[in-house]
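Here the structure is laid out as structure tokens; the discussion comes afterwards.
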Amino acid sequence: MLIYLLRRFNLLLSTLLLLTLLAYGLEFRLLQQGEGDFWHGYWRFLQDLLAGNFGISSATGLPVLGALGQYFPATLELCLAAFVISLLVGVPVGTLAAVRQGRWQDTLILTGTLVGYSVPVFWLGLLLVMLFSLHLGWLPVSGQLSLLYDITPVTGIMTIDTLLTDHPHQWESFIDALRHLVLPALVLAIVPTTEVIRQIRSALLEVLKQNYIRAALTKGFSETHVVLRHGLRNAFPMAIPTLGLQFGTVLTSAMMTEIVFDWPGLGRWLVTSIALQDYAAIKGGTLAIATFTMVASVGMDILSTLIYPSRRKAIYASQG
Amino acid sequence: MRFWLCWLTALLLAGCDGSDRQLAKESLLYCAEGAPLTFNPQLAASTQTLDATAHQLYDRLLDINPDTLQPEPALALSWRRSDDGLRYRFTLRPGVQFHHTDWFTPTRPLNADDVVFSYQRLIDKTHPYHGVSGGHYPFFDSIGLSTLITEVKALGPREVEFVLSRPDATFITNLATDYGVILSAEYAARLLAAGTPERLDQQPVGTGPFLLAQYRIDDFIRYYRHPGYWRGEVQLAQLVFDITPKSSKRLAKLLTGECDVMAHPGASQMAVIKSHPELVLDQATGMNISVLALNTTKAPFDDVRVRRALALALSRDDILQAVYFGIGYSAESVLPPVSWGYHPNLVMPLPDTDRARWLLAQAGLENGFAMTLLVPSGARSYNPDSLKTGQLIQRRLGELGIRVRLQSLEEQILRRELMAGQQDAVLTGWSADTPDPDNMLHNLLSCQAIATGTNATRWCHPLFEQQLAAALTAPNLSERIGYYHRAQEIVQLDMPLIPLNHTLKQQAHRQTVNGLQLRPYGGVALRQAWKE
């Protein structure tokens with residue numbers, strides 16, 4: 001296990017180093033901001049990064065690290081909400097598709113995932129805003145929380161902050177934060193949901209072919225019982241690593257979702273920084289997003305190995 | 001499960017309860033089109049900055065009465081002008097309180113030191129605050145305040161005297177502009193001692209109806225009511241500027257009630273606004289102009305024949321229809337017809353491609369040339385869609401073989417470019433700060449305004465300067481009008497910029513909002529606003 005963990009960390013570290021090298025290389029060549037010797041400059045650049053010094057934003061005059069700390073939680077909140085939705089919807093729907101393989105339900109679900117996968121995020125966002133906000137008036141158009149509520153950020157995740165606050169309108173603000181979260185999280189959840197459905201479906205189909213499933217069925221257990229108790233439990237470990245990779249896709253879609261819904265997260269901040277030619281912010285933001293994607297993906301991998309030791313054996317076997 | 005689902009849905013869709021309604025009633029959400037560049041209007045000439053700061057956070061010595069257009073007392077109770085017009089003495093209002101904020105607690109009310117500090121900073125290059133936050137004061141620099149005022153001194157705790165180098169008919173109205181704000185000298189001294197003077201312009205302390213509570217960059221500004229405001233209690237407990245650059249999004253928010261007031265609705269949105277009975281559209285004659293400013297120090301725009309050719313190629317009516325949707329009128333001069341200095345006999349030439357081509361050939365450019373046109377991104381108070389205007393210009397000039405490359409820039413970047421002065425041409429304009437014609441002519445075309453970036457043509461014409469200077473010292477109004485007419489004639493002849501269109505000033509709000517004022521000049525004032 002230790003060797004496996006070390007290998008993962010090694011991979012993470014070397015990729016991160018490569019990333020910083022790329023970032024510094026761009027700065028050195030294109031912006032001519034680097035000084036003197038390349039490797040000497042790179043070493044100082046690394047030291048700065050490790051010390052949390054991401055530079056000063058030319059647009060605000062404030063440290064980039066502070067802005068990262070301010071905007072990142074909002075992005076995280078959105079991504080987590082989308083991830084939860086995709087699991088809540090994707091797992092049962094994927095299971096249904098596997099159980100009803102080849103029948104009309106399966107065809108319908110597969111068609112649905114294809115449509116969901118191909119719909120552009122910003123277009124879907126605008127459609128939902130037109131329907132739920134402008135036409136029906138149920139949900140707000142944009143933002144993270146109604147600006148009526150003066151909530152001091154603690155974690156930066158509004159649904160948590162509104163519960164932590166001692167604002168006289170604590171409960172109303174919490175509901176308001178939830179209402180703001182619904183549309184962007186739904187839009188962002190579309191792509192990972194289709195992926196969860198497809199992964200769960202194919203993993204479950206694989207498992208359902210196994211002998212122990214047939215044995216359980218012949219023992220007289222109901223189909224539902226067998227699928228839930230034996231099928232899903234064994235299908236999950238196969239699906240989880242690919243789901244972990246979804247973090248990257250979710251984060252990319254989050255950028256667009258944030259722009260459509262004016263969500264005060266990293267994506268919108270990055271786009272504004274690009275418009276303002278704020279290079280320090282662009283560099284800091286890109287590095288932060290890339291790092292987060294990699295850490296999340298490797299973390300998910302490690303987690304699944306910890307939970308399902310059988311996967312570890314499979315890895316060792318495949319790596320010889 | 002079903003119960004919980006129903007409960008959650010009901011919860012999400014539920015309206016607000018009583019206490020929430022009270023909060024909504026005492027708060028005004030103003031959807032602004034852009035973020036302020038600073039919290040001190042002395043430092044910027046952008047409409048967004050003036051809207052967000054000038055009348056919410058600060059007061060001036062005098063205000064201009066929106067009905068009579070005459071100056072009236074504000075922080076100064078009264079003022080006297082010496083017979084030679086060189087000395088102005090102001091008596092200050094007693095007991096005016098500064099904001100108590102998280103970052104500063106004032107120990108005294110406003111006095112003469114604050115007035116002296118606020119103006120000394122602008123005119124005295126050796127003042128410790130002069131260079132802070134960039135050291136550029138676009139409006140006051142462009143009117144040459146530092147050469148006009150030779151001295152500002154406190155004669156007593158409530159008496160201030162301004163000594164001028166020459167009589168100036170616009171002096172009083174200029175003090176009453178959005179830029180003439182009074183800052184706290186005590187706060188400034190505290191910051192200087194702490195080594196953080198630039199905070200004066202970022203964490204403001206003023207005497208205005210609202211105090212700054214929170215600013216999230218490019219996102220929102222939260223103000224609270226100033227409890228000790230000298231004009232009496234402000235109705236709104238909270239004022240929030242929601243920075244929403246896209247006008248479609250501002251309108252969407254206005255429709256869903258996430259905004260109470262929407263700044264600068266697009267001309268194409270008028271029909272939607274009028275079709276919703278819960279919305280109200282305010283319109284006022286605007287003292288503004290949108291122009292195509294040509295850099296007269298750069299070839300080929302240093303040739304008047306080229307500038308005239310460009311003017312002949314453009315169709316201002318096309319722009320008016322396509323960009324302004326007919327809400328506004330084509331400009332015939334730099335000044336709008338509502339200005340008392342407007343020259344009624346000037347007309348811009350009608351579009352004439354043949355003559356334009358002939359003029360270009362005269363200048364040796366029969367095959368045309370390539371140029372870059374800078375356009376500000378987003379809406380401006382004088383131009384709802386600069387990019388679209390640019391595209392129309394691009395197509396028209398293309399017919400003459402002039403290849404126009406459009407470059408859309410954010411306000412901050414654009415300002416930097418204009419200060420550097422390397423541009424070919426830029427789509428810009430001006431919204432008047434005062435009813436005085438000097439305000440527009442000076443800022444758009446005077447030599448002084450080149451350094452401040454507001455004169456994007458970099459045109460410096462001695463005869464034109466003479467007219468402006470003479471108008472300031474003219475003994476009566478009819479003579480002043482004469483000078484301004486001649487100034488406009490010079491502009492028409494030399495054509496450093498091509499006047500395009502004037503537009504109406506517009507603002508939309510929900511019917512529950514009362515007490516809004518839409519003034520023809522300057523930024524918005526929300527002091528008297530209240531909600532039903």
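Each chain gets a letter, A, B and so on, in the order the sequences are listed, and its residues count up from 1.
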Part of [X] within contact of chain A (heavy atom distance under 4.5 Å):
| X | answer |
| --- | --- |
| B:Gln202 | neither |
| B:Lys249 | side chain |
| B:Ile413 | side chain |

query = When heavy-atom pairs shorter than 4.5 Å are enumerated against chain A, which of B:Glu411, B:Glu410, B:Glu26 gives the highest number?
reply =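 Counting heavy-atom pairs under 4.5 Å, the top option is B:Glu410.
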
ask   = For chain A, which of B:Asp219, B:Leu28, B:Leu255, B:Thr244 has the most heavy-atom pairs under 4.5 Å?
value =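 Among B:Asp219, B:Leu28, B:Leu255, B:Thr244, the one with the most close pairs to chain A is B:Asp219.
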
Let me know if [X] has heavy atoms under 4.5 Å from chain B in its side chain, its backbone, both or neither.
| X | answer |
| --- | --- |
| A:Asp176 | neither |
| A:Ser133 | both |
| A:His135 | neither |
| A:Tyr71 | side chain |

Donor-acceptor contact below 3.5 Å, side chain [X] vs main chain [Y]:
| X | Y | value |
| --- | --- | --- |
| B:Gln507 | B:Ala263 | no |
| B:Tyr129 | B:Ala188 | yes |
| B:Arg250 | B:Met262 | no |

message = Can you confirm whether B:Arg222 is buried at CZ, in the sense that more than 12 heavy atoms of other residues, nucleotides or ligands lie under 6.0 Å from that atom?
response =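 More than 12 within 6.0 Å, yes.
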
message = For chain B, which candidate among A:Leu147, A:Leu276, A:Asp262 shows the most heavy-atom pairs at distances under 4.5 Å?
response =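 Heavy-atom pairs under 4.5 Å are most numerous for A:Leu147.
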
inquiry  = With no hydrogens and no angle check, just 3.5 Å: does a side-chain donor-acceptor pair link B:Ser247 and B:Gln269?
reply    =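 Yes, side-chain donor-acceptor contact under 3.5 Å.
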
Ring pair (Phe, Tyr, Trp, His ring centres under 6.0 Å), paired with B:Phe39, selected from B:Tyr223, B:Tyr215, B:Phe241 =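 Going through the options one by one, the only one that passes is B:Tyr215.
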
Validation row: B:Ile273, B:Leu251 side chains within 4.5 angstrom (heavy atoms) =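 Answer yes - side chains close enough.
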
